[in-house]
Amino acid sequence: MIRARFAPSPTGSLHVGSARTALFNWLFVRANNGRLLLRFDDTDSDRSEVELEPAILADLEWLGLDWDDGPVHQSDRVARYEEVLAELPVSRRDGAYEFEGRVIARSDGSPLYHLATAVDDVDDAISHVLRGRDHLTNTELQIAIIRAMGAEPPEYVHAPLIIFEGGAKISKREGSGAVSVADLRAAGFPASAVCNALALSLADYGTEELMLSLPAMASRFDLERLHSADSQFDEDKLHWISGHHIREMDASAFGGFLAEFGSGSLPEVAVEAAQTGGDTFVECAAVGHALVDPPLPDDEALDAIVAPETAAAFTALDALVREWPIDVETARREFDALKGALKAEGISLGTALHGLRAVLTGRTQGPEFPYVLATLTPERFAKARSQLSVT
Ligand code: GLU
């Protein structure tokens with residue numbers, strides 16, 4: 001029976017590196033019909049905070065990483081660690097208990113990480129310990145404790161690490177090198193995109209396809225395909241993946257997510273538009289609000305507005321649509337007709353639509369063009385007319 005464990009120390013909110021370890025274990029057990037145990041490494045009572053556990057559980061749930069057994073707590077198993085300690089060939093130095101030159105229990109006999117973890121991995125019948133390379137130096141000692149208990153050690157696999165220094169804008173915003181799952185959630189990344197990006201940083205899935213769901217990754221996950229080198233956390237790639245996940249979402253699911261980011265006051269058409277215009281829920285919400293209440297044109301928009309093609313596009317649109325507002329279906333038809341008319345007049349489509357978007361929305365980027373039209377009001381159309389001084 002394949003059995004793995006995810007063993008966070010409840011000393012802070014769930015860091016992305018820890019979430020990645022959880023995902024590593026999750027993918028492995030789901031790929032191999034195994035079982036996943038959630039265990040809190042909370043023997044370090046100075047640093048472990050029981051209040052942090054609900055947040056860690058909520059982060060795992062948000063990511064979609066479920067477990068089969070637990071959560072169990074090392075703090076409930078102290079008597080068992082003391083029992084094993086009494087059987088081990090230990091030495092005392094400053095009172096503390098040492099095994100093979102390393103401290104495994106305090107002078108009062110209370111267990112430290114190595115002892116508790118080795119005992120648990122045996123008692124929990126863990127077949128595979130999957131964790132980051134930062135634990136590589138712990139493995140030899142844990143194997144030695146397990147052998148001294150007369151047990152067979154599990155298999156250990158250490159994944160390359162993900163490095164957050166330097167590039168991560170999110171961690172800079174938070175003013176530390178750490179990025180937590182909660183930071184990514186607040187920045188508006190969908191959980192599916194976070195899992196997708198983290199999973200790609202762990203292994204290769206034997207496909208060129210980058211957009212993968214959790215079940216698709218689990219069905220392709222293979223320890224043989226684990227990456228060998230550490231990698232930098234690639235926020236741009238996460239952004240890109242996130243945009244794809246958002247655009248592929250079912251519209252009602254998207255609407256539900258966007259509501260968490262303050263889209264409550266937006267009309268349905270603006271929510272629909274928002275799904276086409278941003279890479280994160282935060283960006284999408286901003287796009288939706290900007291459509292309903294356009295910002296003043298930025299410099300790029302001002303440049304685009306003065307192009308002669310912009311006035312030509314506006315005039316062509318004015319000839320096509322006699323009355324605003326229009327619905328999305330009509331907007332799609334009129335948009336096609338507009339492109340046809342501009343082409344027939346030999347006007348550069350790219351420049352004309354760039355400028356038209358700028359004068360109608362104040363920005364040169366945004367949702368698919370038909371949505372710009374479907375959210376226009378007569379007042380805003382008139383305002384654009386006066387800005388362009390066309391009659
Ligand atoms: N509690 C340890 C950590 O959070 C993990 C221990 C292990 O995987 O053995 O880093």
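Order of appearance sets the numbers: ligands from 1, and atoms from 1 within every ligand.
For ligand 1, the polar-atom distance check finds an N/O of Arg5 within less than 3.5 Å of one of the ligand's N/O atoms. At least one N or O atom of Arg131 sits closer than 3.5 Å to an N or O atom of ligand 1. Residue contacts with ligand 1: Pro8 is placed with no nitrogen or oxygen under 3.5 Å of a nitrogen or oxygen of the ligand (distance criterion only).
Nearest protein heavy-atom contact of atom 2 (C) of ligand 1 is Ala7 O, 3.5 Å. Of all protein heavy atoms, the one closest to atom 10 (O) of ligand 1 is His135 NE2, 3.0 Å.
Relative orientation of the Phe28 and His128 rings is tilted, given thresholds of 30° and 60° on the angle between their planes. Taking the six-membered ring for Trp and thresholds of 30 and 60 degrees, Phe189 and His239 have ring planes more than 60 degrees apart, a perpendicular arrangement. Using bins of under 30°, 30° to 60° and over 60° for the plane-to-plane angle, the ring pair Trp240/His244 lands in the tilted bin. Ring geometry, His73 versus Phe40: the interplanar angle falls under 30°, so the pair is classed parallel (tilted spans 30 to 60°).
Near Tyr113, meaning under 4.0 Å from one of its heavy atoms, ligand 1 places the atoms 6 (C), 7 (C), 9 (O). Within ligand 1, counting atoms from 1 as listed, the ones closer than 4.0 Å to a heavy atom of Ser9 are 1 (N), 2 (C), 3 (C), 4 (O). Close contacts of ligand 1 with Asp41, meaning ligand atoms under 4.0 Å from a residue heavy atom, involve 1 (N), 2 (C), 5 (C), 6 (C). Counting atoms of ligand 1 from 1 in the listed order, those under 4.0 Å from a heavy atom of Thr117 are 9 (O).
Taking the centre of each ring, Phe314 and Phe381 come in below the 6.0 Å mark.
A salt bridge links Arg80 with Asp123; the closest basic N to acidic carboxylate O contact falls under 4.0 Å. Asp42 has no carboxylate O lying under 4.0 Å from a charged side-chain N of Arg77, or vice versa, which leaves the two without a salt bridge.
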